[in-house]
Enquirer: 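First, the structure itself, so that you have it in front of you.
Positions are given from 1 along the sequence.
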Amino acid sequence: QVQLVESGGGLVQPGGSLRLSCAASGSILSMDAMGWYRQAPGKQRDLVARVTNSGSTNYADSVKGRFTISRGNAANTVYLQMNSLKPEDTAVYYCNAGFLRLSTGTWSDYWGQGTQVTVSS
């Protein structure tokens, strides 16, 4: 069993900053990739940012230069620093962790419950 716990969401004014945190616990010692997705009302869930074990990162075009993803010193933790927030960043943000089981070649995705981020004046 794997559990992901997110924290750090909330209400912020346009131009403000928030930092999201996610910690994964359970039977997997080291996730191969961790990231953040977001889903606004009536829209699909989209990738925001992702980081692999090797340190490779990728970002949605809409957040490049404003958001930074990083892995924590503790195993299976990930952070999302969000700066210069805009109203269009308003969404539920979900932590994601992925693991490749080498013995079977199967990839498993795990999800947190989500944390609301609202950008409004």
Enquirer: Taking only residues two or more places apart in sequence, or in another chain, which ones meet Ser62 in a side-chain hydrogen bond (donor to acceptor under 3.5 Å, both in side chains)?
Expert: Arg38
Enquirer: Start with the C-alpha distance between Thr52 and Ser54, add both sets of side-chain angles, then the distance that settles side chain to side chain donor-acceptor pair (under 3.5 Å), and finish with yes or no.
Expert: CA-CA 5 Å; Thr52 67; Ser54 65; 2.9 Å; yes
Enquirer: Under the side-chain contact (heavy atoms from CB on, under 4.5 Å) rule, collect the residues that match up with Gln3, sequence neighbours excluded.
Expert: Ser25
Enquirer: Work out which heavy atom in Glu6 is nearest to a heavy atom in Cys95; give both atom names and the distance.
Expert: OE2-N, 2.7 Å
Enquirer: Sequence neighbours excluded, which residues qualify as side-chain contact (heavy atoms from CB on, under 4.5 Å) partners of Ala23?
Expert: Thr77
Enquirer: Among residues at least two apart in sequence or on other chains, which ones pass ring pair (Phe, Tyr, Trp, His ring centres under 6.0 Å) with Tyr37?
Expert: Trp111
Enquirer: Under a 4.5 Å cut-off applied to non-hydrogen side-chain atoms, are Met82 and Val117 in contact?
Expert: yes
Enquirer: Under the 4.5 Å side-chain heavy-atom rule for ILVMFWY, direct or indirect, which residues accompany Leu100?
Expert: Leu102, Trp107
Enquirer: Tell me, which pairs form a salt bridge (Lys or Arg N to Asp or Glu O under 4.0 Å) where one or both residues lie in residues 65-87, sequence neighbours left out?
Expert: Arg66-Asp89
Enquirer: Report yes or no: do Tyr94 and Val63 belong to one cluster of Ile/Leu/Val/Met/Phe/Trp/Tyr joined by side chain heavy-atom distances under 4.5 Å?
Expert: no
Enquirer: Do you know which two heavy atoms are closest between Leu18 and Leu85, and how far apart they sit?
Expert: N-CD1, 3.8 Å
Enquirer: Between Met34 and Val78, which heavy-atom pair has the shortest distance, and what is it?
Expert: CE-CG1, 3.8 Å
Enquirer: Write down the atom of Ser120, the atom of Pro14, and the distance for their closest heavy-atom approach.
Expert: C-CD, 3.6 Å
Enquirer: Under the side-chain contact (heavy atoms from CB on, under 4.5 Å) rule, collect the residues that match up with Thr106, sequence neighbours excluded.
Expert: Arg101, Thr104
Enquirer: Applying side-chain hydrogen bond (donor to acceptor under 3.5 Å, both in side chains), which residue pairs with at least one partner in residues 26-36 are found, sequence neighbours left out?
Expert: Ser30-Asn53
Enquirer: Can you tell me if CD on Gln1 sees more than 12 non-hydrogen neighbours from other groups inside 6.0 Å?
Expert: no
Enquirer: Using the test side-chain contact (heavy atoms from CB on, under 4.5 Å), find all partners of Gln116 that sit at least two apart in sequence or belong to another chain.
Expert: Thr90, Val92, Thr118
Enquirer: Which residue pairs pass the ring pair (Phe, Tyr, Trp, His ring centres under 6.0 Å) test when at least one of the two sits in residues 59-93, sequence neighbours left out?
Expert: none
Enquirer: Is any side-chain heavy atom of Leu47 closer than 4.5 Å to a side-chain heavy atom of Asn58?
Expert: yes
Enquirer: Can you pull the salt bridge (Lys or Arg N to Asp or Glu O under 4.0 Å) pairs that have at least one residue in residues 46-62, sequence neighbours excluded?
Expert: Asp61-Lys64
Enquirer: Write down the atom of Leu4, the atom of Ala24, and the distance for their closest heavy-atom approach.
Expert: CD1-CB, 3.9 Å
Enquirer: Which pairs, with at least one residue in residues 9-25 and sequence neighbours excluded, count as a salt bridge (Lys or Arg N to Asp or Glu O under 4.0 Å)?
Expert: none
Enquirer: Are side-chain heavy atoms of Leu80 and Thr68 found at a separation under 4.5 Å?
Expert: no
